[in-house]
There are 2 protein chains.
Amino acid sequence: MSEKVTIATVARHAQVSRQTVSNVLNSPHVVREETRRRVQEAIDALGYRASQAARQMRTGRSRLIAVRIEPTRDGINGSVLDRFLHGLTETAEAAGYRAMLYTAADAAAEIATFDDLLSAYDLDGFVLTGTDHGDPRTAWLAERAVPFVTFGRPWDDPDAHPWVDVDGAAGTAQATGHLLAAGHRRIGFIGWPAGSGVGDDRRAGWREALRAAGVDPAGLDREAVDGIAEGERLAADLLAAASPPTALVCASDSLALGALQAARAAAPSTATAAHTGPAAHTGAPAVPVIGFDDTPVAAAVGLTSVSQPLGDAAARCVDLLTAVLDGPPRTPAPVLLQPSLVLRHTA
Amino acid sequence: MSEKVTIATVARHAQVSRQTVSNVLNSPHVVREETRRRVQEAIDALGYRASQAARQMRTGRSRLIAVRIEPTRDGINGSVLDRFLHGLTETAEAAGYRAMLYTAADAAAEIATFDDLLSAYDLDGFVLTGTDHGDPRTAWLAERAVPFVTFGRPWDDPDAHPWVDVDGAAGTAQATGHLLAAGHRRIGFIGWPAGSGVGDDRRAGWREALRAAGVDPAGLDREAVDGIAEGERLAADLLAAASPPTALVCASDSLALGALQAARAAAPSTATAAHTGPAAHTGAPAVPVIGFDDTPVAAAVGLTSVSQPLGDAAARCVDLLTAVLDGPPRTPAPVLLQPSLVLRHTA
DNA sequence: TTGTAGGCGTTATCAA
DNA sequence: TTGATAACGCCTACAA
C-alpha cells in the first residue's frame, strides 16, 4: 500500500506550491499552461484525488445529494423507484455528485432527517419524490433556503420551487384517445379519491379527452384507493351499471390488473386460443383496459399501460438541482415530461 | 437562520472546554456525571451535531457505506433490489452509518469506482451484490484490506470474506417437496445454464430433493438464460418429452411465468371458472409451476414462488460490515438465511 | 477530571 | 503567475 497522496505530495512532485496545485484543480485559467501541464502529470502519475472531507471543511459543500428510499408498498407500483434511483445516481455521478439514501416513516421523520443530514453531512441538496398539497417538507426546506427539487409538481403553486414531473393528464388523455380511435365512446375511468394532485391530474386527462370527443363523462368513473382488489370491485360496479363503459382507463397498474379480472369475469374473452406473445394466455379482454406506470407486472401480464420516462425524470431532477447548486441563484424553469402509451394485449 | 453550532459554541454554553464536549461525545465515561449532563443539555438546546467532515479528517472514517444500484434488467427480477436497498439503508442508519449509491457498467468500472470512492470520500465499506466465481471485485478489495460484505456466497472459498446469502438449494428443495407432498413424482426443473453459483445451487436443491424421494432427475431439467420467452420455450420442450413432468420448479419468476404459459397451452386449465382471489383469472394450471424470488409479478399473477428474506439479508449485511468496522479485526461468521415458499394459485 | 496545543487536507486571502 | 499563511471543526496526545 502506498502512502496517502495529498496535495502536498503532488506539489513536491511537480516542484510547485500546494496552492498552485489547488489552482490547477479549481481555477485552471489562472495557472500558466506549462505549469498546469506539469502539475496535471504529477496528479495522474500519483493517482491523486482531492479529499472531499478536507474540501468540504473549507467550502462547506459536500457534493452529496440525498434521496429517500421508501418502503416498497404493494410492490407493483413501488418498483417505479428502482429506475428512478438508477437514473439519478448515474446523472449525479456525471455531474460530480454522489447520491445518498435515507429512509423516513413520515413527513415529520423526514424533516428530522433533513436537519441531521444538513448539519452533520453538509448535504448540498435533496430530491423529493411524491409531493402533495401543502407538503410540510418543501416548506421546511424553502424556509431554510436549502436547495431541492421535487419529482412531482407543487400543486399549490407551480413557481414555488424547481420541479420535474410527468404529464399524467396527457398520459390518460392519450390512453383515452387510443380507445376513442378504436371506436369506443363510453370509456370508463378508475382512479384514486379526489384530493391527491397526481390522482386528480390523471382523472382530468381522461375527462377532458372524453369531453373533447363530445362524450359526457358523467357516471363513467369511480374512485378507489389503490390495489388490485379495489380495482376489481370498482370495475365490476362500473360494468354492472345501466349503460356500462366498453373500455377502461385506470390510474395505476394495480387498479388496471383488478379491472382486467372484472372485465374478463363480465364478458369472457373472445380470444382464448390466441397465442401472439409472451402473455398471450391472458388474451385480449372484451372490455379493453389500460393501466398507468408500465410496471414490470404490466409487461409480464401484457397490460397496455402509460409509461413514465423515469430515467429522464431523474436526470432532469439532477440537472435542475445542480443548476441551483453550481449556477446563479435563480430558480430554474420546471420540466414537464410526456409519458408514452405502451401498447400490449389489453387495448 | 442561526449561526453554525460547533463544539466551541457548546463548550461556551456549558462553561467547559471544547475537549470536555468532545469527551462527552466520544468517551462519556471519563467525564463527571454532572458535567456530562450539563454538556448534554447544551448540546440538545443548541441542536448541535458533530461535523462529519471535520471528524473524518481526524479519524479517517466517513461512516459511509456504498452499494451499487444496477440498471433494472427485465424489471421482474430487478425489483429485488428495492427491498434490499430499503433494508440496508434502514439498518445502516440505526448503526450510525449512511448508504451511498453508485453505478457501474461492469466489474472493471466498478473497481475504478471503488478507488475513487475510497480516496475521495474515504468510504468505510462496501456491500456487494451478486458475486460469482472468481469475482475480480472481491479480490481487489481484499488485496487492499478494504472492509466489505457480499450478498451472495464466494463460491470458490466460503471463508474468503464475510458474506450473507439465501439458501437457494433449500428453496428449490422446499418447492420440490411441496409438489412431492401433493403426489407428484416427475417434477421438472427449468434453470440457468450451469456455471453460475446461484443457478447451480438452485438446481442442486431440486435434484437432491428428487433423489431423496427416490426419483431419478435425469432428463427432467432444462437450461435457459433468464426470461419469459425462454421459460416458455424450455417448458414446452420439457412437456413434449416422452414422459413429461407433471409439475415444474423454476429458478426465477421470469422463467416460471413463461413455463406457466406453456403449461396452460399444453393442458388447458381445469379451473377456468374458479374465482378465489385477486389473480383467480389465471386459475390453477394442470401442471403446477413454482417460481423463485417472489417478485411483485408473482404476487399479481398468483404464482407460487420461493421468497427471499431480502430485508433481513440487507440487515445482516450491515451487521457484518459494522462488526468488521467497529469491532475487533476478525472475520465475522457468514450468514445463510432460509427462504420460504409462498403458496398461491399455481401450485 | 479538565484544559491546552497541534494538525488532519484543503482553499481563500493576500503578498511577492 | 506563484507562494506563504490562516482557517474550516474536530480529535488525540499531553499537561494541569
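Below, chains carry the letters A, B, ... as their sequence lines are ordered, and counting in each starts from 1. None of these values were measured; they are calculated from a predicted model.
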Query raised in the report: At their closest point, which heavy atom of A:Ala66 faces which heavy atom of A:Leu123, and how far apart are they?
Result: CB-CD2, 2.9 Å
Report summary line: side-chain hydrogen bond (donor to acceptor under 3.5 Å, both in side chains) filter on B:Thr113, not counting sequence neighbours, yields none
Requested in this report: Identify, with sequence neighbours excluded, every residue that meets side-chain hydrogen bond (donor to acceptor under 3.5 Å, both in side chains) alongside B:Ser22.
Outcome: B:Asn26
With sequence neighbours excluded, what pairs up with [X] under the salt bridge (Lys or Arg N to Asp or Glu O under 4.0 Å) test?
X	result
B:Arg37	B:Glu41
B:Arg98	A:Asp116, B:Glu93
B:Asp312	none
A:Arg68	A:Glu110

Kindly give the atom pairs (protein nitrogen or oxygen, nucleotide nitrogen or oxygen) under 3.5 Å for nucleotides 3-5 of chain D.
{"unit_1": "D:dG3", "atom_1": "OP2", "unit_2": "A:Ser17", "atom_2": "N", "d": "2.9"}
{"unit_1": "D:dG3", "atom_1": "OP2", "unit_2": "A:Ser17", "atom_2": "OG", "d": "3.1"}
{"unit_1": "D:dG3", "atom_1": "OP2", "unit_2": "A:Thr20", "atom_2": "OG1", "d": "2.6"}

**Report entry** Upstream residue (5' side of DNA chain C) when B:Thr35 and A:Ser27 are each assigned their closest nucleotide
**Finding:** B:Thr35
Report task. Only pairs at least two apart or in different chains count here, so list each salt bridge (Lys or Arg N to Asp or Glu O under 4.0 Å) that has a residue in residues 119-130 of chain B. Result -> B:Arg61-B:Asp124
**Report entry** All pairs passing salt bridge (Lys or Arg N to Asp or Glu O under 4.0 Å) where residues 11-31 of chain B contributes a residue, at least two apart
**Finding:** none
Query raised in the report: Is any side-chain nitrogen or oxygen of B:Ser22 closer than 4.0 Å to OP1 or OP2 of D:dC10?
Result: no
Could you tell me the separation between the [atom1] atom of [X] and the [atom2] atom of [N], rounded to a whole number of Å?
X	N	atom1	atom2	value
A:Ile7	C:dA12	CD1	C1'	13 Å
B:Asp122	D:dC10	CG	P	17 Å
B:Leu25	D:dT12	CG	P	11 Å
B:Asn26	C:dT2	CG	P	15 Å
B:Arg36	C:dT2	CZ	P	12 Å

Query - Residues in contact with DNA chain D, drawn from residues 38-65 of chain A - heavy-atom cutoff 4.0 Å - result: A:Met57, A:Arg58
Query raised in the report: Per the end-axis method with five pairs at each terminus, what is the bend angle of the helix from C:dT1-D:dA16 to C:dA16-D:dT1, to 10°?
Result: 40°
Report task. Name all pairs fulfilling the side-chain hydrogen bond (donor to acceptor under 3.5 Å, both in side chains) condition that reach into residues 152-161 of chain A, sequence neighbours left out, sorted by first residue then second. Result -> A:His133-A:Asp156, A:Arg153-A:Asp165, A:Arg153-A:Asp201
Query raised in the report: Do the rings of A:Phe114 and A:Trp140 sit parallel, tilted or perpendicular, given the 30° and 60° boundaries?
Result: tilted
